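Notes for the one structure printed next.
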Amino acid sequence: MSQRTKLLRAELKIATTMRQKQSDYMQWAKLQSKARFNLATSGVAAYPLSELPVTIDQLEINGDHTYGYAPLQQAIAKKAGVDPDSVVAAAGTSMANHLAMAALIEPGDDVLIEHPAYELLVSTAQYLQAQVTRFPRREENNFALDPAEIRRAITPKAKLIVITNLHNPTSVLTPESTLREVGDIARSIGARVLVDEVYLDAVYENTPRTSFHLGKEFVVTSSLTKVYGLSGLRCGWILAQPDQARAMYRLNDLFGAVPPHPAELLSVIAFQNLHKIRNRARTIVEADRAVLANFFAADNGHSFAATRSDFGTTTFPHLKNGNVGAFITQLREKHETSVVPGHFFDMPDYFRIGMGVNTQMFAEGLRRLPQAIPL
Ligand SMILES: Cc1ncc(COP(=O)(O)O)c(C=O)c1O
């Protein structure tokens with residue numbers, strides 16, 4: 001073997017054994033997503049501290065840290081209708097997903113993740129050295145979660161099936177009957193189902209209960225970020241069986257050990273006012289959805305196609321004609337409007353639009369979309 005071949009082989013080996021250690025989507029979201037007309041959002045407008053009924057004497061810097069601050073454990077447990085022993089508080093759904101996956105899988109395990117998916121779910125599984133397989137949610141099926149697709153993709157080595165409900169990016173709701181079927185598949189091979197429910201409370205009427213209640217194979221993550229506008233509190237959680245929950249708390253000792261106590265105190269107050277906080281954003285989300293419906297009705301399938309959802313804060317259209325990359329560039333450079341490029345969801349012909357921040361901005365951003373379609 002020549003020296004050059006040896007070198008090439010060594011490089012290839014490094015490339016294939018190197019772990020994923022970053023997220024291209026997150027870097028883009030942090031550094032490049034903003035614009036005057038920002039349709040690249042996924043959560044509702046920030047809820048201001050001034051509207052939270054809190055006084056400085058209710059806050060403190062240091063607390064008594066063990067595994068979970070009891071009043072917050074109870075508040076999360078009460079909201080979810082579970083025992084506090086099943087609650088793991090985490091720094092946002094982001095850390096909740098990381099902890100849940102890290103506790104449930106070993107390097108080399110097969111992990112099945114929906115496609116399209118929130119990029120961090122994929123990159124986190126890859127960072128944890130899982131063998132990631134994707135199963136499709138098809139547009140011709142209105143991006144519904146289809147248990148038959150999971151059955152087709154499943155392997156005996158699969159340890160985890162990962163889904164979002166509501167689905168990011170399409171906001172499609174998966175009914176309980178379908179989730180049960182997914183639970184049955186997981187149980188048949190001793191796997192678990194991780195359901196990221198960070199958008200679920202954006203179903204404002206008859207909000208479904210958490211899928212944690214559907215069986216022991218379900219592990220659920222969520223937070224007060226997307227639907228409540230409280231991202232800065234980093235109030236996330238995992239719902240898991242008590243033994244798993246303990247293991248996840250122990251694992252968290254290796255990362256952050258203890259959360260910021262002022263954020264825990266504020267989170268407890270947020271839970272006491274959750275209804276009011278959710279309703280504030282609901283008005284904007286519903287106004288934006290009406291504007292979006294008018295936009296698609298006026299377009300009448302001429303330039304854009306999108307699966308409609310009655311819920312959620314995002315939608316995932318594609319162009320009927322024209323190059324999406326050129327469209328997104330033009331939209332930003334000439335029309336001061338941003339959307340999330342579909343390639344972050346491994347669907348480069350699509351783009352994601354977010355609702356719930358500011359209806360005037362949203363309407364103006366939408367108005368600019370057709371102007372950016374390349375001729
Ligand atoms: C599906 C999904 N999970 C988790 C997150 C991160 O949520 P958090 O701000 O609670 O960490 C996002 C943010 O976009 C998301 O879309």
Side-chain angles (χ1 to χ4, degrees), residues 19-21 23 61-111 113 120-132 157-162 183 186-187 190-198 210-225 233-268 271:
R19 291 167 66 165
Q20 165 97 23
K21 287 193 181 169
S23 158
I61 292 174
N62 298 307
D64 177 21
H65 282 296
T66 56
Y67 289 98
Y69 174 54
L72 185 55
Q73 289 285 119
Q74 278 151 18
I76 297 168
K78 186 165 164 230
K79 177 186 178 324
V82 306
D83 195 276
D85 287 350
S86 287
V87 173
V88 182
T93 319
S94 307
M95 191 51 133
N97 283 333
H98 186 125
L99 282 178
M101 281 195 200
L104 295 172
I105 61 175
E106 299 296 332
D109 281 350
D110 287 353
V111 171
I113 305 180
L120 264 297
L121 294 171
V122 181
S123 44
T124 302
Q126 285 169 340
Y127 168 71
L128 294 168
Q129 296 175 297
Q131 293 292 328
V132 174
K157 262 177 47 192
K159 286 287 173 294
L160 197 61
I161 300 167
V162 183
R187 195 176 327 113
R192 301 251 158 54
V193 187
L194 175 61
V195 190
D196 178 329
E197 293 182 353
V198 75
T210 168
S211 53
F212 181 69
H213 296 290
L214 301 183
K216 288 194 169 173
E217 41 293 321
F218 285 87
V219 175
V220 166
T221 54
S222 192
S223 77
L224 296 184
T225 296
L233 292 181
R234 307 314 298 139
C235 178
W237 61 87
I238 307 161
L239 308 177
Q241 296 305 309
D243 56 331
Q244 291 166 355
R246 273 192 298 279
M248 289 170 193
Y249 258 134
R250 294 287 306 274
L251 180 57
N252 192 44
D253 282 340
L254 274 55
F255 299 118
V258 292
H261 190 53
E264 290 180 318
L265 293 167
L266 284 167
S267 299
V268 172
F271 272 104

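This one's a predicted model, so the numbers in the text were calculated from it and none came from an experiment.
In this structure, Phe271 and Cys235 have side chains that are in contact, with non-hydrogen atoms separated by less than 4.5 Å. In this structure, the side chains of Pro259 and Arg234 stay at 4.5 Å or more apart for every pair of heavy atoms. Looking only at side-chain heavy atoms (C-beta outward), Leu104 and Met248 come within less than 4.5 Å of each other. By the 4.5 Å heavy-atom criterion applied to side chains, Asn252 and Val88 are not counted as neighbours. Residues Arg246 and Tyr67 fail the side-chain proximity criterion, which asks for heavy atoms closer than 4.5 Å. With a 4.5 Å cut-off on side-chain heavy atoms, Asp196 and Leu121 count as touching. Residues Leu239 and Val219 have side chains not in contact (no heavy-atom distance under 4.5 Å, counting atoms from C-beta outward). No side-chain heavy atom of Tyr69 sits under 4.5 Å from any side-chain heavy atom of Val258.
Looking at every heavy atom in both residues, Leu251 comes nearest to Ala103 through CD2-N, 3.8 Å. Here the shortest heavy-atom pairing between Ile161 and Ala186 reads CD1-CB, 4.1 Å. The two residues Phe218 and Leu214 make their nearest non-hydrogen contact at CE1-CB, 3.7 Å. Closest non-hydrogen pair, Ile113 versus Ala125, comes out as CD1-CB, 3.9 Å. Closest non-hydrogen pair, Pro262 versus Ile61, comes out as CD-O, 3.5 Å. Minimum interatomic distance between Trp237 and Ile76 (heavy atoms only, all atoms of both residues): CG-CG2, 3.5 Å.
Residue Asp64 places its CG atom among 12 or fewer non-hydrogen atoms of other residues, nucleotides or ligands, all under 6.0 Å distant.
At distances below 3.5 Å, not a single donor-acceptor pair connects side-chain atoms of His213 with backbone N or O atoms of Val82. Side-chain N or O atoms of Gln126 include none that pairs as donor or acceptor with a backbone N or O of Val132 at under 3.5 Å. Ser86 contributes a side-chain N or O that, together with a main-chain N or O of Ala240, makes up a donor-acceptor pair within less than 3.5 Å. Under the 3.5 Å distance criterion, the side-chain polar atoms of Gln20 are left unmatched by any main-chain donor or acceptor of Ser123.
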Which is it for Glu197 and Phe212 under the side chain to side chain contact (heavy atoms under 4.5 Å, CB included) test, yes or no, and what are the steps along the way?
-> CA-CA 10 Å; Glu197 293 182 353; Phe212 181 69; over 6 Å; no
Under the side chain to side chain contact (heavy atoms under 4.5 Å, CB included) criterion, do Leu128 and His98 qualify, and how do the steps go?
-> CA-CA 9 Å; Leu128 294 168; His98 186 125; 4.2 Å; yes
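Interatomic distance, CD of Glu217 versus CG of Leu160, reported as 12.0 Å (0.5 Å rounding). To the nearest 0.5 angstrom, Met95 atom CE is 9.0 Å from Ile238 atom CD1. Considering CD of Glu264 and CD of Gln73, their distance stands at 9.0 Å, rounded to 0.5 Å. To the nearest 0.5 angstrom, Leu233 atom CG is 8.5 Å from Thr225 atom OG1.
Ring planes of His261 and His65: perpendicular class, angle over 60° (limits at 30 and 60°).
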